[in-house]
Amino acid sequence: MRISVIGCGYLGAVHAAAMAELGHEVIGIDIDANKIANLAEGKPPFFEPGLPEILSSAIASGRLSFSTDMADAAGATVHFVAVGTPQKRGSSAADLRYVNAAFASLAPHLAAGDLVVGKSTVPVGTAARLAADLTAAGSGAMLAWNPEFLREGFAVKDTISPDRLVYGVPSGAEGERASALLNEIYASAVATGTPVVVTDYATSELVKVAANAFLATKISFINAMAEIAEVAGADVTQLADAIGYDNRIGRRFLNAGVGFGGGCLPKDIRAFTARAEELGRGESVAFLKEVDQINLRRRQRVVDLTVEALDGRANEKKVAVLGLAFKPYSDDVRDSPALEVAVQLRGLGARVVATDPQAIENSRRLHPQLEYEADALDALRDADVLVLVTEWPEFRELDPVAIGEIVRTRTIVDGRNCLDAAAWRAAGWTYRGLGRP
Ligand code: UDX
């Protein structure tokens with residue numbers, strides 16, 4: 001199938017490479033000339049395991065190319081729109097300017113029978129509006145909405161072997177044709193029994209935000225329990241294990257810590273709240289504001305614990321911050337709790353030296369005032385306190401005995417509850433977790 005992918009950010013670059021890997025002929029289009037030049041050389045503009053390999057092999061096979069010219073989308077049968085929907089400045093709502101611009105500039109290049117497929121996360125109602133615009137433009141192209149559920153760090157796998165496919169399509173023969181085209185594109189996943197939910201536009205849009213709202217709520221639920229555990233003298237990690245054995249609850253996404261961040265969960269729950277308010281149903285998701293607040297409080301809690309560990313004075317103390325990315329296996333620092341903790345501690349006068357296996361460059365661009373060390377051992381040398389905020393395996397595996405020799409004070413704040421507290425204490429450390437005694 002000939003495919004165009006409009007927008008080559010995280011979602012689009014992975015989608016374009018994965019579709020070519022599946023055997024389709026793909027053109028990736030983006031307005032950022034620098035990004036396109038790098039992608040054309042097989043270099044993704046972000047860290048994602050497995051992506052450089054499939055990008056290079058797809059380019060070498062001739063099935064994948066890149067362009068900044070929207071006219072190059074002409075001739076493809078299916079056009080995926082994968083541009084970003086960031087949070088609007090000064091508002092909780094999603095900023096749809098990139099989606100609107102992509103549709104407007106794609107429209108003149110569409111032919112009768114083409115299928116435009118929205119992948120961006122949009123407020124419910126957007127697809128219906130865009131479908132009406134497409135019809136009015138008169139090209140004879142139709143629209144489907146096919147939300148993406150990929151996790152950073154597992155993006156290639158999640159795109160090639162998704163756990164479900166959701167098609168939002170119009171009713172009747174048009175919808176059947178759209179579903180058939182999508183089944184053809186995802187033939188390998190469909191053949192292995194991946195569940196396919198064929199539905200209307202509104203449901204498909206809501207599936208995505210509902211899934212992210214649920215995940216965010218699950219994390220904030222356990223973080224709320226951590227807040228209670230802190231005053232009650234209980235251990236939230238054991239609590240999570242115990243409730244997680246109930247299959248109806250499940251243990252995944254019950255890790256209490258510094259909370260969620262990234263390019264999706266925070267902005268998606270805010271955009272969902274804003275859209276629900278527009279629709280006159282703000283009360284239905286008012287709890288998501290609480291979910292957001294609980295999450296943000298955990299960042300402050302890590303900062304407070306660190307200052308407490310420094311006997312109340314952060315000024316001029318050396319704080320080694322382990323982790324900057326919003327989660328391991330990513331270089332993404334968008335709304336990263338780890339980076340925010342580092343910045344706040346710096347603001348309190350601490351000498352913050354931060355380290356991360358992948359996210360230093362992105363962090364430095366945003367916060368040049370912080371000190372960075374690529375080698376974790378350099379970061380923690382002579383530190384007065386360690387603060388672990390991204391659970392990279394290299395940080396989880398630090399040997400408390402060995403590094404006890406190179407820090408100034410053996411104090412660690414485990415912002416991800418990912419260390420063996422007993423082992424650290426046995427090595428003479430003062431260990432502080434979140435929601436743990
Ligand atoms: C998320 C959704 O999982 C994905 O389906 C959607 O398409 C995009 O948003 P992603 O942003 O890559 O994916 O991250 P995810 O793995 O969901 O983690 C989100 C945040 O929650 C991270 O900051 C992570 O550290 C945090 N988290 C996760 C917790 O604090 N505790 C947990 O138990 C799990």
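Atoms within each ligand, like the ligands themselves, are counted from 1 in listed order.
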Quick one: do the Gln300 and Asp304 side chains pair a donor with an acceptor below 3.5 Å?
->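 Short answer, yes.
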Taking atom types as modelled, find out whether Ser330 and Glu152 have a side-chain donor-acceptor pair closer than 3.5 angstrom.
->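 Indeed, the side chains of Ser330 and Glu152 share at least one donor-acceptor pair under 3.5 Å.
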Mind checking what residues have non-hydrogen atoms under 4.0 angstrom from ligand 1?
->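 Glu148, Phe149, Leu150, Arg151, Glu152, Lys208, Asn212, Leu215, Ile219, Phe253, Leu254, Asn255, Gly259, Phe260, Gly261, Cys264, Leu265, Phe326, Lys327, Arg416.
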State which residues pass ring-ring contact (aromatic ring centres under 6.0 Å, His included) with Tyr372; sequence neighbours excluded, sorted by chain then number.
->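 Expected list: none.
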What residue pairs, at least two apart or across chains, pass salt bridge (charged side-chain N to carboxylate O under 4.0 Å, His left out) with a residue in residues 388-398?
->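 For residues 388-398: Glu391-Arg416.
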Does the side chain of Trp145 come within less than 4.5 Å of Thr203's, by heavy atoms?
->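 No, their side chains stay 4.5 Å or more apart.
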Which residues pass the side chain to side chain contact (heavy atoms under 4.5 Å, CB included) test with Asn255, sequence neighbours left out?
->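 Side chain to side chain contact (heavy atoms under 4.5 Å, CB included) check on Asn255 returns Arg251.
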